[in-house]
Visitor: 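Let me give you the structure first, and then I'll get to my questions.
Lettering of chains follows the sequences in order, A, B, ..., and the numbering in each one begins at 1.
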Amino acid sequence: MVSSTTRQTATDLDVAAIRADFPVLNQEVRPGAERLSFLDSAASSQKPASVIETLDDYYRRYNANIHRGVYQLSEEATQRYEAARHLVADFINAPSARECIFVRNTTEAINLVAHSWGRRNVNAGDVVVLTVMEHHSNLVPWQLLAEEQGAELAFVRMTPEGRLDLDHLDTLLTREPKLVAFSHVSNALGTIHDAVEITRRAKVAGATVLIDGAQSVPHLPVDVQSLGCDFLAFSGHKMLGPMGSGVLWGRRELLEAMPPFMGGGSMIRKVELSGSTWADVPAKFEAGTPAVGDAIGLGAAVEYLSELGMDRVQAHEHGLAGYAFARLGEVPELTIHGPKMTEGRAAVFSFSLGDVHPHDVAAILDSENIAVRAGHHCCQPLMRELGDVATTRASFYVYNDHDDINRLVAGLGRVRQIFGSA
Amino acid sequence: MVSSTTRQTATDLDVAAIRADFPVLNQEVRPGAERLSFLDSAASSQKPASVIETLDDYYRRYNANIHRGVYQLSEEATQRYEAARHLVADFINAPSARECIFVRNTTEAINLVAHSWGRRNVNAGDVVVLTVMEHHSNLVPWQLLAEEQGAELAFVRMTPEGRLDLDHLDTLLTREPKLVAFSHVSNALGTIHDAVEITRRAKVAGATVLIDGAQSVPHLPVDVQSLGCDFLAFSGHKMLGPMGSGVLWGRRELLEAMPPFMGGGSMIRKVELSGSTWADVPAKFEAGTPAVGDAIGLGAAVEYLSELGMDRVQAHEHGLAGYAFARLGEVPELTIHGPKMTEGRAAVFSFSLGDVHPHDVAAILDSENIAVRAGHHCCQPLMRELGDVATTRASFYVYNDHDDINRLVAGLGRVRQIFGSA
Amino acid sequence: MADSLYKEIILDHYRSPRNKGRLDPADYSHEDVNPLCGDEIVLDLRVKDGIVSEVAFEGRGCAISQAATSILTEMIEGRTVEEVKALTKDDLLEELSVPISPARMKCALLGLKCLKAGIYGVGHMHDDDL
Amino acid sequence: MADSLYKEIILDHYRSPRNKGRLDPADYSHEDVNPLCGDEIVLDLRVKDGIVSEVAFEGRGCAISQAATSILTEMIEGRTVEEVKALTKDDLLEELSVPISPARMKCALLGLKCLKAGIYGVGHMHDDDL
Ligand SMILES: Cc1ncc(COP(=O)(O)O)c(C=O)c1O
Ligand SMILES: Cc1ncc(COP(=O)(O)O)c(C=O)c1O
């Protein structure tokens, strides 16, 4: 289903050709206005026609509940649903597709682990290590767990530059935490953490390791086997897939030992009124009718990204990050939060513009058809570290180019003009 | 978005016009073969073009994360997402749209209540009353809860005819259960339970009442205020909506008093490393990026059904049930499970055909382009009551007519022929 | 859109907010936060003989939330408590006289939420109830 | 499709299953259930001098699961345990000689799952490992 535009030959992504694949980016958002510069992919990406058409095809041709129907539509739906699981597994180099559980989003994936693995393995007095930079979705589930179990949360500090303080990690690891959970890439600062090294140290200390891959899987080559982690959570909707799609990968031994999260249809082996036994993974964790079309759509998204090549996606965004640094640096009174260099940094820029509130920045940019995000980015504790309530964030993806950055810079000039700081 | 075919004038549904709205039903499943008779809507319904187009329009025009973006796409997505919530609320006559929580399916809705309300309100020694006819999704979550809390489950018996034994309910109610949870319509037997009366008695006994509306909301007019229940769970995908859509309705006081189910983005008011406070309902229960398009698609499904009129949907299916009774009665060796009359019965027929296994029945029907379901219908305890492992089930919806039933009967003749019982 | 939203009235109240500060002691006081962006406002009220004699607010937030709260304080000073209770969000939006999109509604209403929650003595007010 | 699936070989084994019953005592015994439809099979094995001397099965299920298990018992009688361990699902499917769609695969393989789980002494076998 991926468009036939040839991109294989070039080393760089052909952004014009890619953009042509995304209907949202090719519409007139406001009559007569400039095209949309969509700079909020870290919240949720746009979807290529191949993904939209996969959904459409599903609903028009073979929509049915899976795993149960002995009829043709259901057989096709089941096969494609499971094929999507294999595509996802290959994409993150999972040893087995059965280790990939379809969920709604990263949040559900992490809550699944917190409920199922957590309540069995984290007990009174146990320590769970997180970082001060976590998204609420990788913080609140552990707060809820810790409160319930009487466990304690400890937070790896960050350096003034917005990187994790690995010495502090080592200190916390001496407390022999049951779990170390951290985001691979910070959605607020763009920092790419050294996930391999953090995982290695955590494993040496005997911890189970969960990586929040919401901002890494869409943007870098991610290989669970070379990461060495135990769980990886990510959102399909941030990587060109449908809303409502996400994945939890877990090591088979762990998943098999875990009790169910939700109970219901499809996750059982045998049900009696007095008690039940559970189906094999992944079915054990997919209770009820899944979002079949969305999972299949995620498969199409993975195919699209694979065709682009994740190495090239990463290189493309690295290039954008460099250009964004240079251009944003020209805007007076603009402060970029997080690492001040492109190394170990994703194409996600949180910034402050003088004392203009991010909502006002975003609203004025919106009037120029530039979509950025303003707020705490679900990282209130981190915002407090930055001494701010909110920032403006521009995040980039495969369909963005230098022109988007130029427009952003021009738009910021307009903001300064309106707020009288120019 | 609903097709403009006029149906308002007739009292009966115009099935030909309706069928024309469903792309799946207008394709050639096998070259040269007869049209598809889709008789598995109880598992998941097909979707009208208006729903498919709503999804398509969402992804092509205004896909974005909601509640957060200060830009046009996100504003439109947010508005339509919330408009869908209002449509759903009106559909079940909820006092407030804020009482409607978007979930993936009925299963998640019930697990949400079991985790959040249940762990706070059901304690050691407490009794939860269910029925022997529950779908696994309204049984397993309570088994998990009961095991965890040391509570006890008690099951309302059924009469030989497949109805609930209300005298037995009264007996169980003397034990002052904390919760009574039951399905409004049995997905395996088609029995329509007297939900108003069951709820009334349960409330008199002081119980909280959850109704599993997976098989009622799509097929009958359902009004939470006249039901008098505390929670209603249902699946959007069984009522013409997208896969991945479902709803939990709950009384506001209850929802407001309940702790969160999943933690993460969007469900918080204020997050500190040391603890968090929660957003208002429904946000408190919608952690992470929702399936935005699917919820909006469910809104379109509700509009479609409302235009047909749920009274007429019910009358149509009642007519089909009568015809199915008559015609299936002509098939030798066929036993219909459940109530032997159309009163208090939905257009769902579970049956056995001599000793031919349901899988074989379904496979042979499939070869004639008739899609039925074979299995335990996620009701293993009920199957045991029936003395069977599995049944064949044909379930009907707005796009089915007498011709579907005629074809089913002919197909069953073919089964008997192959298995040599003719 | 930017031009219609960031009119002089908004920018003026944003740059020079009226009644900025705290009242200590206050008869009514309430703090609320916009969970979407973390903006916080605390609003204090003194009431004498059933009339709002003094009002002050503090907090940080966008031009819309700050200007709207500033304008709100001007609207209620000298009014009776009953009049303040009867104040609706439409009254405030009219006074703002700029088009508030749904996404910015929470910003525009944050001060009013504090006022209402404070004067009714409830923990928290929902937008729909304003 | 019905015609190609319900060939004489399937219907014959279904109507007259070979080796139906239980062995007591048995050297290996295993019971499994198809969670999708609730079908159950229990399969017993006697082994003498490393050779399957007797095999029997009981259970209820569709024509495919019953016939496949009946055919399976014929395939393994008189074989060495090593040969039985080496048996793959493809061997069984070939012997069945009818087209098994993915949805029916679990039916066709239920007996083989019992056999493998029993002989390897594991609680439960996954389809993919057959
Ligand atoms: C690092 C990180 N973790 C978790 C999430 C939550 O993702 P979702 O809303 O898809 O559950 C996000 C996205 O906002 C994120 O950036
Ligand atoms: C009565 C009943 N309850 C619950 C469910 C579960 O629905 P879902 O799979 O959408 O969660 C179903 C559907 O199979 C049902 O029929």
Visitor: Going by side chain to side chain contact (heavy atoms under 4.5 Å, CB included), name the residues that satisfy it together with A:S245, two or more places apart in sequence or in a different chain.
Guide: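 Partners of A:S245 under the side chain to side chain contact (heavy atoms under 4.5 Å, CB included) test: A:P242, A:D294, A:L298.
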Visitor: Could you tell me which portion of A:E272 (side chain, backbone, both or neither) has an atom closer than 4.5 angstrom to a non-hydrogen atom of chain B?
Guide: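 Both backbone and side chain.
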Visitor: Look at the aromatic rings of B:F261 and A:F261 and report parallel, tilted or perpendicular, splitting at 30° and 60°.
Guide: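 The rings of B:F261 and A:F261 lie parallel, inter-plane angle below 30°.
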Visitor: Given heavy-atom pairs under 4.5 angstrom as the criterion, report whether the side chain, backbone, both or neither of A:L273 touches chain B.
Guide: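 When you check distances to chain B, atoms from both the backbone and side chain of A:L273 fall under 4.5 Å.
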Visitor: Which atoms form the tightest heavy-atom contact between B:P141 and A:G263, and what is the distance?
Guide: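 Here B:P141 and A:G263 meet closest at CG-O, 3.4 Å.
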Visitor: At a heavy-atom separation under 4.5 Å, does A:N65 approach chain B through its side chain, its backbone, both, or neither?
Guide: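 Its backbone and side chain both get close to chain B.
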Visitor: Of all residues at least two apart in sequence or in a different chain, which pass the salt bridge (charged side-chain N to carboxylate O under 4.0 Å, His left out) check with B:E108?
Guide: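 So B:E108 forms a salt bridge (charged side-chain N to carboxylate O under 4.0 Å, His left out) with A:R104.
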Visitor: Kindly compute the distance separating CG (B:L153) from OG (A:S274), expressed to the nearest 0.5 Å.
Guide: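 Those atoms lie 10.0 Å apart.
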Visitor: Looking at every non-hydrogen atom in both residues, tell me the closest pair between B:V24 and A:N63 and how far apart they are.
Guide: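 Answer, listing the atom of B:V24 first, then A:N63: CG2-N, 4.4 Å.
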Visitor: So which heavy atom on A:G265 is nearest to which on B:S137, and how close?
Guide: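 Looking at all heavy atoms of both residues, the closest pair is N-OG, 3.1 Å.
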Visitor: If you look at every heavy atom in B:H359 and A:V70, which pair is closest and at what distance?
Guide: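 In this case the closest contact between B:H359 and A:V70 is CD2-CG2, 3.7 Å.
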Visitor: At what distance, to the nearest 0.5 angstrom, does CG of B:N105 lie from OG1 of A:T289?
Guide: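 Nearest 0.5 Å value for the CG-OG1 distance: 6.0 Å.
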Visitor: Would you check if there is a donor-acceptor pair between the side chains of B:Q72 and A:D366 at a distance under 3.5 Å?
Guide: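 No - no donor-acceptor pair under 3.5 Å links their side chains.
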